[in-house]
Amino acid sequence: MSKSVVIVGASMGGLRAAEALRNNGFAGRITMIGEEAHLPYNRPPLSKEVLAKEVTHEAVAFKLRAQVEDVTWHLGDPATSVDLEKKVVTTASGKSFEYDGLVIASGLRPRVLDLPNGKISGRHTVRTLDDAIGLRAELVPGAAKVVVAGAGFIGCEVAATARGLGCEVTNVAIDPYPMIRPLGEQLAAELQRRHESHGVKFKLNHGISDLTGTEKISGVVLDNGEVIQADVLVEAISSHCNVEWLASTNLDVSNGVLADSALRAVTTDGKSVEGVYVVGDLARFANPLFDNEPRRIEHWNIPTETGKRVGSVLSAYLADAENFAELVATLFMPLPSFWSDQYDMKIQGFGMPGLADRYELVAGELSDELVMGYFRGEILIGVVGIGMTSEVMKYRKELVS
Amino acid sequence: MITINVDMDKCQHYGQCVFEAPDVFKLNDDDKLEFVATADDSRRSDIESAVDVCPMQAISVVE
Ligand SMILES: Cc1cc2nc3c(=O)[nH]c(=O)nc-3n(C[C@H](O)[C@H](O)[C@H](O)COP(=O)(O)OP(=O)(O)OC[C@H]3O[C@@H](n4cnc5c(N)ncnc54)[C@H](O)[C@@H]3O)c2cc1C
Ligand code: SF4
């Protein structure tokens, strides 16, 4: 009988894994189990251009390639458990799916603030298409008062987009500067200045302790008691890993799902599980480009890189291919890459600037287009540019050499 | 032959496609994308990789 693969999570990572399985010759059945009702779509525009215009599935959908035409989509019914011995996934509606190969691609969901008066309307997160549709409806151009909680990339993008729509925007975060963790203080302070010049107000070094309003938000209460008037609160503070469906397994799900360099899931006692693989935001793996510390990387190129890796190793495993051991032993070292659009700024980064102990302006001017190099000791481990694409690309080459 | 199309309303000239298929995509002296409109079938795999890595999902391949 031909073999079958079940992929849990019908988003970018799952889709890329399915494509790569087909590209590597796997011809058996592929079933994609997804919690969302939608076919896979691209998330980054949801905090950027699409949020400013009209949010539709069509505007963000991934084009489905011919290779994946025969994939079975089981959408709107999340996986609730898996039995790794019997190799069967069960879903919320009670259906079960047997597999020979399993791909864990269930990603993240936003963490929300736990607030005493929290059960009122006007609270939003931005992870899914439905989230963005709901938020867009409340971003009344020129009228809405918006508080964004969290000053990471997504929070800052939403702030910029809402400003672009003429909303009044305050960004509240416990960090001293926006986007400080990946970018370092100097660039983060400069980006704060640019946001302020576009009219965003910041309340930094502050948390949110409650909301005012009865049915709908009227204000956001800071931890110093200050109240900021608001119609909308967007929470972009951090994420939870969608691993509850793996709770009955012995996989290491302490932070995402631990994976070996072939992206096979690893148990709490450090053993790789044959036939069970992890992709995307959830995959915690060591990247020899930097060191041997396993990390999750929440950047957009990682679902594609990990999906391709899994497609090649898993298809060889299922075919009992002679080169399986060789494939497993091949180093996996994708270069993390990210970008962010805020106002007219194109921010683009490569590597792991967040791991640097030192950074330095290597091209341009701090107040204009620029390239910042990030170093650990003498070694360049990350580069971030605003504009100056060709310059950024020169340093990118150095990162992989 | 493969026909390549880039939606220039979407393209933000990030240049990520250039790394996947440098013979098809390049950034000119003004950091703007230029690309060749057709390529040989043997280039399919690299061009599909370029489609994958484009942050704006601006590239399409017409069969
Ligand atoms: C608003 C936004 C903007 C972003 N912007 C950028 C950017 O500019 N640059 C950048 O580099 N990255 C950006 N990212 C990050 C990037 O989009 C993610 O890294 C990428 O989406 C991760 O893909 P994934 O397939 O691993 O996970 P996800 O896309 O999270 O997919 C996981 C899927 O699994 C489903 N699922 C969860 N639990 C279950 C279950 N039990 N059963 C079945 N299905 C389940 C979920 O509903 C979801 O559809 C952004 C993310 C967001 C949300
Ligand atoms: S990767 Fe996409 S956005 Fe970037 S230059 Fe190429 S086509 Fe344009």
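Any value given below was found using the heavy atoms of this structure, including those in side chains, with hydrogens, waters and symmetry copies removed. A, B, ... follow the sequence lines: proteins, then strands. Residue 1 opens every chain.
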S.K.: Can A:R16 be said to sit on top of A:F62's aromatic six-ring, NZ or CZ under 6.0 Å from centre and within 45° of the ring axis?
M.R.: yes
S.K.: Is the closest basic N to carboxylate O distance between A:D341 and A:K346 below 4.0 Å?
M.R.: no
S.K.: Against chain B, work out which of A:P44, A:S390, A:P45 has the most heavy-atom pairs shorter than 4.5 Å and name it.
M.R.: A:S390
S.K.: By a 4.5 Å heavy-atom criterion (distance strictly below it), what part of B:S45 contacts chain A: side chain, backbone, both, or neither?
M.R.: neither
S.K.: Between chain B and each of A:K308, A:M388, A:R65, count heavy-atom pairs under 4.5 Å; write down the option with the most.
M.R.: A:R65
S.K.: Under a 4.0 Å N-O cut-off, is there an ion pair linking B:R43 with B:D40?
M.R.: no
S.K.: Is chain B contacted by the side chain of A:E391, its backbone, both, or neither, given a heavy-atom distance below 4.5 Å?
M.R.: neither
S.K.: Chain B heavy atoms under 4.5 Å from A:T389: which part of the residue, side chain, backbone, both or neither?
M.R.: both
S.K.: What do the steps show when you test A:L187 against A:Y374 for side chain to side chain contact (heavy atoms under 4.5 Å, CB included), and what is the final call?
M.R.: CA-CA 11 Å; A:L187 186 51; A:Y374 294 80; 3.6 Å; yes
S.K.: Quick one: what part of A:E305 sits under 4.5 Å from any heavy atom of chain B, side chain, backbone, both or neither?
M.R.: neither
S.K.: Between the side chains of A:R127 and A:D281, is the shortest nitrogen-to-carboxylate-oxygen separation below 4.0 Å, so that they form an ion pair?
M.R.: yes
S.K.: Which region of A:L335, side chain (C-beta onward) or backbone (N, CA, C, O), has a non-hydrogen atom less than 4.5 Å from a non-hydrogen atom of chain B, or is it both or neither?
M.R.: neither
S.K.: Please flag which part of A:N301 lies under 4.5 Å from any non-hydrogen atom of chain B: side chain, backbone, both or neither.
M.R.: neither
S.K.: Specify which of B:V18, B:D52, B:L27 makes the most heavy-atom pairs with chain A at under 4.5 Å.
M.R.: B:D52
S.K.: Assess the side chains of A:D130 and A:T128: does a donor N or O sit below 3.5 Å from an acceptor N or O?
M.R.: no
S.K.: B:V53 versus B:F19: any side-chain heavy-atom pair under 4.5 Å?
M.R.: no
